[in-house]
Participant: 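Below: one structure in structure tokens.
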Amino acid sequence: MGAFFSSNILAIFLFFSLLPSEFGLFEGVEGLGVNYGQVANNLPSPDKVLTLLSSLKITKARIYDTNPRVLTAFANSGIDLVVTVPNEVVGVLMDKNQALQWVTTNIKPYFPSTNITGIAVGNEIFTTNDSLLMSNLVPAMISIYNALAKFGLESYIHVSTANSLAVLANSYPPSAGVFRSDLVGVMAPFLKFLAETRSPFWINAYPYFAYKGDPNRVPLDYVLFNPNSGMVDPYTKRHYDNMLYAQVDAVIVANNRMGYGDLQVSVSETGWPSKGDPDELGATIQNAEVYNKNLLRRQLVNEGTPLRPTQRLEVYIFALFNEDEKPGPTSERNYGLFKPDGTMAYNVGLKSSSTGTASVSLTSSATKVLS
């Protein structure tokens, strides 16, 4: 399998190298990154992944741990990297000494060679129904931030956490966005921390789930960014022609209701599965191709949402690869833009520009160091 992948990735790299330099599937999009998940037993080595990302002109990525092989491979690559603290470690890192040791081991040896730009402390913690984990989150974030400050890194590496859209009690219309009442008590100190450290609010937003849950009422073209009549928020009169932007604006409104309307909101995950179980309506190659292709086109022009039209929306696409060991329904293992052998799961269809301007780029911020 290793030799097969090596020949494939070399062929892909040579293919891109022979094309005009402006051909980069994701080049030229400042706010777009890709999630590099590794829950699989057949993925290429990090150095081969770097070759793939570089050939595509991808300059932002997010990983779900602090894998030293990835951090080392990405050193001096020009790729911004967001790393993640696993949920099960969050409670331990409340302790300032443990947080200092974690930063000393997982961040300090690699930065700035590896451009680590963010630390996601856990993933979707506020919707785990684990009250202890939820209450531990902000103290752990504070401890990690203070540990970064001891090394003078707090202004280079932001600290946040990725949230499920389910933190909202209501997201439609966007102007009615509000956090769940049972989460207000834990959201208040979290939002305060983000504001004080100027860190982004990360949201995992998947219009696919809305369509799958109610296909008779949610128009497919609306969730796929295809031409459609869209919806007008009855209170603000803002027009929305896609669900992702409506979801993001609902989060902005919810933050504002808590007194933190100026926080940057970024999409830490979004994507569409190319395959699913019989009851997973809409999980097809065709829909996945259209969703990501249309999203990339929007990102190419650095588009903002109707609520913040002049502020480009940072988006991380989920995911780089299909991951064969992810639990759950078939769709969970089929979000990748690429198969593990380096071939495309489908073609997002972006073309090179004859003007010398690049096409597009993918998910998150950070760098690395060679020992």
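Excluded from the calculations below are hydrogen atoms, water molecules and symmetry mates; all remaining heavy atoms, backbone and side chain alike, are included. The residues of the chain are indexed from 1 along the displayed sequence.
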Participant: Do K293 and N347 have side chains that approach each other closer than 4.5 Å (heavy atoms only, starting at C-beta)?
Facilitator: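 Side-chain contact under 4.5 Å: no.
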Participant: Using 30° and 60° as the class limits, which term best fits the ring planes of F74 and Y36: parallel, tilted or perpendicular?
Facilitator: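 Geometry flag for Y36 against F74: parallel rings.
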Participant: Working to the nearest 0.5 Å, report the span between CG of N228 and CE of M243.
Facilitator: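 Atom-to-atom, N228:CG and M243:CE are 10.5 Å apart.
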Participant: Before accepting this row, confirm whether a basic side-chain N of the pair D341/K339 lies closer than 4.0 Å to the acidic partner's carboxylate O.
Facilitator: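 Salt bridge between D341 and K339, a charged N being under 4.0 Å from a carboxylate O: no.
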Participant: Go through the steps to decide whether N292 and Y346 satisfy the test side-chain hydrogen bond (donor to acceptor under 3.5 Å, both in side chains), and finish with yes or no.
Facilitator: CA-CA 10 Å; N292 285 315; Y346 47 86; 2.6 Å; yes
Participant: Is it true that V218 and V290 fall in one hydrophobic cluster, defined by side-chain heavy atoms closer than 4.5 Å?
Facilitator: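 In one cluster: yes.
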Participant: Is the side chain of N287 donor-acceptor paired with the backbone N or O of L224 at a distance under 3.5 Å, no angle test?
Facilitator: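 The answer is no, because no donor-acceptor pair under 3.5 Å joins these two groups.
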Participant: Report yes or no: does D277 contribute a side-chain atom to a donor-acceptor pair with the main-chain N or O of E280 at less than 3.5 Å?
Facilitator: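 No, D277 side chain to E280 backbone: no donor-acceptor pair under 3.5 Å.
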Participant: Which pair of non-hydrogen atoms, one from I285 and one from A345, has the smallest distance, and what is that distance?
Facilitator: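 Shortest heavy-atom contact: CD1-O, 4.4 Å.
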Participant: For S274 and N334: C-alpha separation, side-chain torsions, deciding distance, then whether side-chain hydrogen bond (donor to acceptor under 3.5 Å, both in side chains) applies.
Facilitator: CA-CA 6 Å; S274 59; N334 290 277; 4.5 Å; no
Participant: Are M94 and V89 in one and the same hydrophobic cluster, where Ile, Leu, Val, Met, Phe, Trp and Tyr link if side-chain heavy atoms are under 4.5 Å apart?
Facilitator: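 Looking at the clustering, V89 is in a separate group from M94.
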Participant: Are F190 and I125 close enough, and set up right, to give a side chain to side chain contact (heavy atoms under 4.5 Å, CB included), and what steps lead you there?
Facilitator: CA-CA 12 Å; F190 169 61; I125 283 179; over 6 Å; no
Participant: Is there side-chain contact between P207 and L244, with at least one heavy-atom pair below 4.5 Å?
Facilitator: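 When only atoms from C-beta onward are counted, L244 and P207 do touch, with a gap below 4.5 Å.
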Participant: Any heavy-atom pair between the side chains of I107 and W102 that's under 4.5 Å?
Facilitator: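 When only atoms from C-beta onward are counted, I107 and W102 do touch, with a gap below 4.5 Å.
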Participant: Backbone N or O of W202 within a donor-acceptor pair of the N163 side chain at under 3.5 Å?
Facilitator: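 Yes, N163 side chain to W202 backbone: donor-acceptor pair under 3.5 Å.
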Participant: Does any non-hydrogen side-chain atom of F151 lie less than 4.5 Å from one of I157?
Facilitator: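 No - every pair of side-chain heavy atoms lies 4.5 Å or more apart.
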Participant: Do R298 and V315 have side-chain heavy atoms sitting under 4.5 Å apart?
Facilitator: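 No, their side chains stay 4.5 Å or more apart.
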Participant: Give a yes or no on whether the backbone of G177 and the side-chain of S171 come within a donor-acceptor separation of less than 3.5 Å.
Facilitator: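 Side chain of S171 to backbone of G177, a donor-acceptor pair under 3.5 Å: no, none is there.
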Participant: First locate atom CG of L320, then atom CZ of R62, and finally report the distance between them rounded to the nearest 0.5 Å.
Facilitator: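 That separation rounds to 13.5 Å.
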Participant: Tell me whether the count of non-hydrogen atoms from other residues, nucleotides or ligands lying under 6.0 Å of NZ in K326 goes above 12.
Facilitator: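 More than 12 heavy atoms, drawn from other residues, nucleotides or ligands, come within 6.0 Å of this atom.
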Participant: Decide yes or no on side chain to side chain contact (heavy atoms under 4.5 Å, CB included) for F338 and L52, but give the supporting numbers first.
Facilitator: CA-CA 10 Å; F338 288 86; L52 176 61; 4.0 Å; yes
Participant: Output yes when a side-chain donor or acceptor of D249 lies under 3.5 Å from a complementary backbone atom of L307, and no otherwise.
Facilitator: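 Between the backbone of L307 and the side chain of D249 there is a qualifying donor-acceptor contact (under 3.5 Å).
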Participant: Heavy-atom count around R198 CZ within 6.0 Å, excluding the residue itself: above 12?
Facilitator: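 Check fails, neighbour count at 12 or below.
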Participant: Counting only N and O atoms by type, is there a donor-acceptor contact under 3.5 Å from the side chain of S199 to the main-chain atoms of V159?
Facilitator: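 Confirmed, S199 side chain pairs with V159 backbone.
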Participant: Over all heavy atoms of both residues, which pair between P234 and K237 is shortest? Give the atoms and the distance, please.
Facilitator: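 Closest heavy-atom pair between P234 and K237: O-NZ, 3.1 Å.
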Participant: Measuring from N67:CG to T84:OG1, what's the distance to the nearest 0.5 Å?
Facilitator: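 The CG atom of N67 sits 11.5 Å away from the OG1 atom of T84.
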Participant: Using atom types as modelled and distance alone, determine if a side-chain donor or acceptor of T161 lies under 3.5 Å from a backbone N or O of V121.
Facilitator: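 Yes, because the side chain of T161 sits within donor-acceptor range (under 3.5 Å) of the backbone of V121.
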Participant: Does the D241 side chain pair with the main chain of P227, one donor and one acceptor, at a distance under 3.5 Å?
Facilitator: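 No, because the side chain of D241 does not come within donor-acceptor range (under 3.5 Å) of the backbone of P227.
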Participant: Checking the side chain of E323 only, and the main-chain atoms of Q38 only, is there a donor and an acceptor separated by less than 3.5 Å?
Facilitator: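 Checking the backbone N and O of Q38 against the side chain of E323, a donor-acceptor pair under 3.5 Å is found.
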Participant: Answer yes or no: is there a side-chain heavy-atom contact under 4.5 Å between R180 and T127?
Facilitator: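 In contact.
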Participant: Determine, using the 4.5 Å side-chain heavy-atom cutoff (strictly less than), whether V232 and I252 are members of one ILVMFWY cluster.
Facilitator: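 No, separate clusters.
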Participant: With side-chain hydrogen bond (donor to acceptor under 3.5 Å, both in side chains) as the test, would you mind laying out the steps for N204 and S164 before giving the verdict?
Facilitator: CA-CA 5 Å; N204 296 342; S164 163; over 6 Å; no
Participant: For the residue pair F225 and Y291, does the interplanar ring angle fall in the parallel (under 30°), tilted (30 to 60°) or perpendicular (over 60°) class?
Facilitator: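 Rings of F225 and Y291: tilted, 30 to 60°.
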Participant: Counting only heavy atoms not in D262, do more than 12 sit closer than 6.0 Å to its CG atom?
Facilitator: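 Counting neighbours around CG of D262, 12 or fewer heavy atoms of other residues, nucleotides or ligands fall under 6.0 Å, so no.
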Participant: How are the rings of Y211 and W272 set to each other: parallel, tilted or perpendicular (split at 30° and 60°)?
Facilitator: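 Rings of Y211 and W272: tilted, as their planes differ by 30° to 60°.
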Participant: State which residue, out of V251, I317, L313, fulfils the side-chain contact (heavy atoms from CB on, under 4.5 Å) condition with V267.
Facilitator: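 Testing V267 for a side-chain contact (heavy atoms from CB on, under 4.5 Å) against V251, I317, L313 leaves exactly one candidate, L313.
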Participant: In Å and rounded to the nearest 0.5 Å, what is the NZ to CD distance from K60 to E314?
Facilitator: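 The CD atom of E314 is 4.0 Å from NZ of K60, to the nearest 0.5 Å.
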Participant: Determine, using the 4.5 Å side-chain heavy-atom cutoff (strictly less than), whether V265 and V178 are members of one ILVMFWY cluster.
Facilitator: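 Looking at the clustering, V178 is in a separate group from V265.
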Participant: Which pair of non-hydrogen atoms, one from I119 and one from I144, has the smallest distance, and what is that distance?
Facilitator: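 Residues I119 and I144, closest heavy atoms: CD1-CG2, 4.0 Å.
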Participant: Assess whether side chain to side chain contact (heavy atoms under 4.5 Å, CB included) is satisfied between S229 and Y222, documenting all intermediate values.
Facilitator: CA-CA 8 Å; S229 59; Y222 180 64; over 6 Å; no
Participant: I need the minimum non-hydrogen distance between Y64 and G37, along with the two atoms involved.
Facilitator: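 So the two residues come closest at CD1-CA, 4.0 Å.
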Participant: From K108 NZ over to L100 CG, what is the distance, rounded to the nearest 0.5 angstrom?
Facilitator: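 If I round to the nearest 0.5 Å, the distance is 11.0 Å.
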Participant: If every non-hydrogen atom of Y235 is compared with every non-hydrogen atom of S175, which pair is closest and at what distance?
Facilitator: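 Heavy atoms of Y235 and S175 come nearest at CD1-OG, 3.4 Å.
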Participant: Establish whether M344 and V49 are linked, either directly or via other cluster members, by ILVMFWY side-chain heavy-atom contacts under 4.5 Å.
Facilitator: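 Per the 4.5 Å side-chain linkage, M344 and V49 are co-clustered.
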Participant: Do N87 and N123 touch side chain to side chain, with heavy atoms closer than 4.5 Å?
Facilitator: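 With C-beta onward as the side chain, the pair touches.
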Participant: Between N170 and A176, which heavy-atom pair has the shortest distance, and what is it?
Facilitator: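 What the structure gives for the nearest pair is ND2-CB, 3.1 Å.
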Participant: Partners of N294 by side chain to side chain donor-acceptor pair (under 3.5 Å), sequence neighbours excluded?
Facilitator: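 Applying side chain to side chain donor-acceptor pair (under 3.5 Å) to N294 gives N226.
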Participant: Would you call the rings of F179 and F201 parallel, tilted or perpendicular, taking 30° and 60° as the class edges?
Facilitator: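 Judged by the thresholds at 30° and 60°, the geometry between F179 and F201 is tilted.
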Participant: What verdict does the side chain to side chain contact (heavy atoms under 4.5 Å, CB included) test give for S143 and D95, after you've listed the backbone C-alpha separation in whole Å, the side-chain angles of each residue and the deciding distance to 0.1 Å?
Facilitator: CA-CA 7 Å; S143 292; D95 181 271; over 6 Å; no
Participant: Quick check against the 3.5 Å criterion: does S54 have a side-chain atom that pairs as donor or acceptor with the backbone of T51?
Facilitator: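 Between the backbone of T51 and the side chain of S54 there is no qualifying donor-acceptor contact (under 3.5 Å).
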Participant: When rounded to the nearest 0.5 angstrom, what distance separates NE2 in H158 from CG in L153?
Facilitator: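 If we round to the nearest 0.5 Å, H158:NE2 and L153:CG are 13.5 Å apart.
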Participant: I'd like to check V138 versus I142 (side-chain heavy atoms, cut-off strictly below 4.5 Å). Are they in contact?
Facilitator: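 Yes, close enough: below the 4.5 Å cut-off.
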Participant: Hey, can you tell me if Y156 and F111 have their rings parallel, tilted or perpendicular (30° and 60° cut-offs)?
Facilitator: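 Aromatic pair Y156/F111 classed tilted.
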Participant: Answer yes if the ring centres of F318 and Y335 are under 6.0 angstrom apart, and no otherwise.
Facilitator: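 When the ring centroids of F318 and Y335 are compared, they turn out to be within the sub-6.0 Å range.
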